[in-house]
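So you know, we letter chains A, B, ... as the sequences are listed, proteins then strands, and number each from 1. Computed from a prediction, not measured in an experiment: that's the story for all the values here.
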Amino acid sequence: MFNVAVIGAGMMGSLHAGHYDALPDSRVAAVLDVRPDAARALAEVYSATAYGDIEEMLADGSIDIVSITTPTPYHKECVLKAAAAGKHVFCEKPIATTLEDGLEMTEACRRAGVVFMVGHVLRYFPEYASAKRLIEDGAVGKVGMVRTSRGGSFPQSAGDWYADKVKSGGVTMDTLIHDFDWLRWSLGEVVRVYGKGLLERAAEHKDYALITLRFASGAVAHVEGTWMRPDGFKTSLEIAGSKGLIAFNNEDSAPIKLAFAGSDGAGVEAVPQSPLSAEDDPYRLELADFLTAIKSGGESPISGADAVEALKISLAALESITTGQPVEIRR
Amino acid sequence: MIRVGMMSFAHMHAGSYAACLGQLPQVELVGVADEDEARGRAAAGTNNTDYYDSYDNLLKQNLDGVVICSENSRHLEMTGMAAAAGVDILCEKPISTNAADAREMIDICRSAKVRLQTAFPCRFSPAVAQVREVVRGGRLGEVVAVKATNHGRMPGGWFVEPQFSGGGAIIDHTVHVADLLRWYTGAEAVEVYAESGTMFNDMNAEDAGLLTISYDNGMFATLDTSWSRPKSFPTWGDVYMEFVGTGGVASVDAFVQRLDLYSDENMTYGWSGWGSNIDIGLIRDWVDCLSSDREPSITGEDGLRALEVALAAYRSVGSGKPEPV
């Protein structure tokens, strides 16, 4: 049984805690948050210990795993300290907002001999995992043009940190890094990035980006990220190849659509829902894979090196948005 | 009666334009000229009109207007003949394969005092026109970005022979949306970055194009021009635009009004469209222009502006950098 400490008791922290609790090999032992009420509230759910100080928490030798769901700017400190304390580390995406930080975190975990996994959870979403499998099976022949889209309204958060373009990197860093990782995982390395975006308007609670990626394979991807969509969260995917085409969007494939009459008779619509069995939940699968890697002493399913490569694409996109020029990715 | 002739059926849109002309009671379709005699005679037969074995003979028939649907590379030559005969012109898009020819077409027509219209039928889609009013009405606030596609299937024939077409998917499928974005917003394209490739077919022209277009008002747009629809796709392609504003989002998918048809006859699934015919809107507007003194609603300059976006995209593919329009 692994004892897990969750750092960051926000939405993602609660989500992770629920899955660690439900998985047979792990339990939530500690919750840390700089907001004492938030730490206490989440800890109480799992009869865990609430902390406000990371050193104090890491001094608890019974903790095996630290799972980090803080805002991105705190990832580095948490990962470095957890690794130094010999804890296995799970860190939400993006790994960091600079390459130097991402590399330092990866190297620290390697030296400490702990498993380090970064939460590029899209790999565990069944629609994206299935699409990758179809590509690998040759269902569409050689992949040519790919289109992805992701986003909804501007994200709300404690301290409104998404509105700080430096801390969050906006939609291009925080949201599109999901698609960048999935695309790299599915299509191989990216060699050139060009993008347009509205990062400068993050403080106005607006961001939108259209990014073009060129892959070493010759494929091209068009990646849309939006925090300016008033009608709900949407994702879509299209993969055009020499022998066929894969298309997906979350609205068309949602099995549940609910609409309730409002008091004045007008329809009040709820979001479409697409439930999965608990064992197919992408976050459950992701954390289960993490635990398996720890138990077996195997490689991290999504390593720091992978996360750094995804980060490179986000940073190249942001650089292109700033300079107006295409950015080559070197490695 | 408005007397109209058809110059060449090389472009497949000629058939639809001829059928539309046939629907208008005030129009007499005087004849079809085509150097491909079999193609010309077939078209004349289908449209109950006469076949002419030379463009000059057709142009001698006291025409009010001609529709030019030749290969793109021959638009200048055809325009020169029609202008010399003093006949107004509706020219299929793209206006030409290159900017010099397009400018010469505009100049020739101006000198000859004939009116040159570019065929951009998408302006006559009721859905496209309605969303234009939404965008112009201001409810979206400031339009900051547009995501657009004009997908298709690989058309084959001269469309994939650059000496006739000017290129592949980029020149074929940039101009419609480039024109619509100008028409919607009044903004002019200033810079284009493009990636392209021959990804889906074995041929000399590109079948994939992805443009990022910067506008003089700060707006940016992407346009996927790819012939990426497989043969098994239920329809030919799309014209889709999504406008992202500070006050909301508006999208138009011009050709989705359809019945889904699943047929065991040949084991296919396809779309059977029931939307309004956009070509009849274009032809009716042009015939109205012929019967009046007004300027064409879509000019040769409009055709050139749209073409310039495609040409900048080709330069960008060559240089690997954004290129000025």
Side-chain angles (χ1 to χ4, degrees), chain A residues 139-147 149 151-153 191-198 200-201 204-215 217-232 234 236 238-247 320-321 323-326 328, chain B residues 140-149 151 153-154 169 191-202 206-215 218-234 240 242-251 316-317 319-322:
Chain A
V140 296
K142 184 171 165 54
V143 172
M145 191 66 81
V146 178
R147 299 179 65 85
S149 176
S153 57
V191 294
R192 187 165 60 236
V193 182
Y194 181 82
K196 291 283 178 188
L198 302 178
E200 291 304 318
R201 301 179 81 151
E204 298 170 47
H205 284 187
K206 297 191 187 334
D207 197 7
Y208 183 82
L210 296 173
I211 311 297
T212 296
L213 306 179
R214 172 71 85 165
F215 293 82
S217 70
V220 170
H222 177 271
V223 183
E224 178 192 34
T226 181
W227 286 351
M228 290 177 72
R229 183 181 279 290
D231 58 341
K234 296 184 189 184
S236 67
E238 182 186 287
I239 302 149
S242 58
K243 288 182 183 165
L245 183 142
I246 297 167
S320 177
I321 287 169
T323 63
Q325 295 297 318
E328 307 281 334
Chain B
L140 292 179
E142 177 196 354
V143 174
V144 291
V146 185
K147 178 183 70 165
T149 63
H151 289 125
R153 289 187 182 130
M154 200 275 285
E191 189 180 81
V192 178
Y193 177 81
E195 294 280 0
S196 87
T198 306
M199 299 178 172
F200 311 107
N201 302 278
D202 184 13
E206 82 283 356
D207 56 17
L210 179 55
L211 283 64
T212 305
I213 311 166
S214 302
Y215 284 85
M219 181 179 87
F220 58 87
T222 56
L223 171 58
D224 186 339
T225 69
S226 304
W227 292 332
S228 52
R229 306 301 91 171
K231 291 190 270 299
S232 50
F233 205 69
Y240 177 84
E242 185 168 324
F243 294 83
V244 180
T246 52
V249 176
S251 66
S316 173
V317 168
S319 71
K321 292 188 165 65

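Closest of all the heavy-atom pairs between A/Ala240 and B/Ser228 is CB-CB, 3.7 Å. Counting all heavy atoms, side chain and backbone alike, A/Ala221 lies closest to B/Leu210 at O-CD2, 4.1 Å. Listed here is the closest heavy atom pair of B/Gly248 and A/Pro230: CA-CG, 4.3 Å.
Listed by chain and residue number, nothing satisfies the side-chain hydrogen bond (donor to acceptor under 3.5 Å, both in side chains) test with A/Gln325 (two or more places apart in sequence, or in another chain). Checked against side-chain hydrogen bond (donor to acceptor under 3.5 Å, both in side chains), A/Arg214 has the following partners two or more places apart in sequence or in another chain: B/Glu195.
Partner A/Leu210 forms a side chain to side chain contact (heavy atoms under 4.5 Å, CB included) with one of B/Thr222, B/Val146, B/Val244 and no other, that one being B/Thr222.
Looking at B/Thr149 and A/His222, their side chains never come closer than 4.5 Å, going by heavy atoms from C-beta outward. Within the 4.5 Å cutoff, no side-chain heavy atoms of A/Tyr208 are placed close to those of B/Thr246. Using a 4.5 Å heavy-atom cutoff, the side chains of A/Met145 and B/Phe200 are in contact. Counting heavy atoms from C-beta on, the side chains of B/Glu242 and A/Arg229 come closer than 4.5 Å.
In terms of heavy-atom pairs under 4.5 angstrom with chain B, the leader among A/Arg147, A/Arg201, A/Lys142, A/Glu238 is A/Arg147. No other option in B/Thr212, B/Asn201, B/Asp207 has as many heavy-atom pairs under 4.5 Å with chain A as B/Thr212. Ranked by non-hydrogen atom pairs under 4.5 Å with chain A, the options B/Lys147, B/Glu191, B/Lys321 are led by B/Lys147.
Neither the backbone nor the side chain of B/Ser232 has a heavy atom closer than 4.5 Å to any heavy atom of chain A. With a 4.5 angstrom heavy-atom cutoff, A/Lys206 touches chain B only via side-chain atoms. Of the two parts of B/Ser214, only the side chain, counted from C-beta on, holds a non-hydrogen atom closer than 4.5 Å to a non-hydrogen atom of chain A. Neither the backbone nor the side chain of A/Glu204 comes within less than 4.5 Å of any heavy atom in chain B.
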